[in-house]
Amino acid sequence: MPLKSHRTRSLASAAFVTAFALFLGGCQTAGSPTVTGSINPSTSAQAGSDLRRDAAFWAERYNKNPQDPEAAIRYAQALRASGQRSQAAAVLEQASINSPKNSAVLGAYGRALADIGNYQQALEVLGRAHTPDQPDWRLLSAQGAVLDQMGRHEEAQRHYSAALKIAPDEASVLSNLALSYALSKNLPKAEATLRRASGRRDAEPRVRQNLALIVGLQGRFAEAETIARGDLSPEEAAANVAYLQQMLAQQGDWKKLRSPHGALKQAGRS
């Protein structure tokens, strides 16, 4: 790999790379596609230390009392954060047996199942975590994310719309909805929805980075870099956009990835 290409890849946000892979190569991971800023090495080392400490604490508490729903959820969260997704799902499977009506346990178990690619079972579990008369917007959004991973984008969008009826203008749901539009080959609608989301005070940096991605996918690279600089360093923002241009070039002329209306064409979407 050329030195310049390697440098661009190393600077580009790992989450940005993952999110872009979702658009070009099909679903690789579960959950909603998101884009976040880069983590510098010192922050990463500190985060790794915190994860190990949390994992040890909740592992001890869980082993003392496997019947404790909170301990099971927190221990599974620590396992997921350290990449041990199958183990997290196993912990939560047992917790769901111990607490079959605990919505928090079922919600966590459903997300863990999606993490390991068990999408149909994830939908079933998430569906049991809330009822039609008492819907939870977070679970509706999670169901939408799973449906998007399965390529069922229209259904996913209905779930996001239902979530927004409960939590109007919730930035995280709007962001998921926007990315679903993108996966449905409607980049202009995705952009409009992300602009709405990014205008919210509670919008996290990943929402604006998602916007930068969608703008870049439409070929407006300078604008995408300007948006990315709102949360990233100039070097990181430039690296993200450079990576985007590089990957689009490898896929062929970026215009070939779009319909006449500017919508992204997918390659191998699952």
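- A donor and an acceptor atom, one from each side chain of Asn240 and Glu236, are nowhere located under 3.5 Å apart.
- Counting only N and O atoms by type, the side chains of Gln84 and Ser82 include a donor and acceptor under 3.5 Å apart.
- Following chains of ILVMFWY side-chain contacts shorter than 4.5 Å, one can reach Leu248 starting from Val215, so the two form part of one hydrophobic cluster.
- Looking at every heavy atom in both residues, Ala55 comes nearest to Ala78 through CA-CB, 3.7 Å.
- Arg158 CZ to Leu140 CG: the interatomic distance, rounded to the nearest 0.5 Å, is 13.0 Å.
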> Do Ser99 and Tyr109 pass the side chain to side chain contact (heavy atoms under 4.5 Å, CB included) test, and can you show the C-alpha distance, the side-chain angles, and the key distance before you say yes or no?
Replying inline: CA-CA 11 Å; Ser99 306; Tyr109 182 35; over 6 Å; no
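- No single ILVMFWY cluster, assembled from side-chain heavy atoms under 4.5 Å apart, contains both Leu106 and Leu79.
- Closest approach of Ala182 and Ala190 over heavy atoms only: N-CB, 3.8 Å.
- With respect to the salt-bridge test (charged N to carboxylate O, under 4.0 angstrom), the residues Arg128 and Glu124 do not qualify.
- Under a hydrophobic-cluster definition in which Ile, Leu, Val, Met, Phe, Trp and Tyr are linked whenever side-chain heavy atoms come within less than 4.5 Å, directly or via other members, Leu244 and Leu187 are assigned to the same cluster.
- Within the 3.5 Å criterion, the main-chain N or O of Ala145 finds no donor-acceptor partner in the side chain of Gln149.
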>> Does Leu232 form a side chain to side chain contact (heavy atoms under 4.5 Å, CB included) with Gln209? I'd like the steps, not just the answer.
In response: CA-CA 9 Å; Leu232 304 179; Gln209 296 309 311; 3.5 Å; yes
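- In summary, the side chains of Gln157 and Ser184 do present a donor paired with an acceptor at a separation below 3.5 Å, with no hydrogens or angles considered.
- Applying the ring-ring contact (aromatic ring centres under 6.0 Å, His included) rule to pairs touching residues 166-215 yields nothing, sequence neighbours excluded.
- Residue pairs meeting the ring-ring contact (aromatic ring centres under 6.0 Å, His included) criterion with at least one member in residues 63-106, sequence neighbours excluded, are Tyr62-Tyr75.
- Taking CD of Gln143 as the start and OH of Tyr160 as the end, the distance is 10.5 Å to the nearest 0.5 Å.
- Side-chain atoms of Asn102 come within 3.5 Å of backbone atoms of Val105 as a donor-acceptor pair (strictly under, hydrogens ignored).
- With rounding to the nearest 0.5 Å, the separation of NE2 in His130 from CG in Asp136 is 7.0 Å.
- Side chain to side chain, Asp133 and Thr131 meet the donor-acceptor criterion of an N or O pair below 3.5 Å.
- Screening Arg206, Arg200, Arg201 against Glu204 for a salt bridge (charged side-chain N to carboxylate O under 4.0 Å, His left out) leaves a single residue, Arg206.
- Taking CG of Leu179 as the start and CG of Asn176 as the end, the distance is 6.5 Å to the nearest 0.5 Å.
- Atom OG1 of Thr226 and atom CZ of Arg220 lie 11.0 Å apart (nearest 0.5 Å).
- Remark: the backbone N or O of Ala171 is not paired with any side-chain donor or acceptor of Ser175 at under 3.5 angstrom.
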> Please walk me through it: do Leu147 and His153 pass side chain to side chain contact (heavy atoms under 4.5 Å, CB included)?
Replying inline: CA-CA 6 Å; Leu147 287 164; His153 305 309; over 6 Å; no
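- Hydrophobic clustering (ILVMFWY, side-chain heavy atoms < 4.5 Å, transitive): Ile73 and Val91 are in distinct clusters.
- Considering only heavy atoms from C-beta on, Glu155 stays 4.5 Å or farther from Leu123 through its side chain.
- To the nearest 0.5 angstrom, Tyr119 atom OH is 13.0 Å from Leu126 atom CG.
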> Does the pair Arg111 and Gln77 meet the rule for a side chain to side chain contact (heavy atoms under 4.5 Å, CB included), with working shown?
Replying inline: CA-CA 10 Å; Arg111 293 182 178 91; Gln77 286 176 339; over 6 Å; no
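- Annotation: side chain of Val125 is not in contact with side chain of Ser96 (no heavy-atom distance under 4.5 Å).
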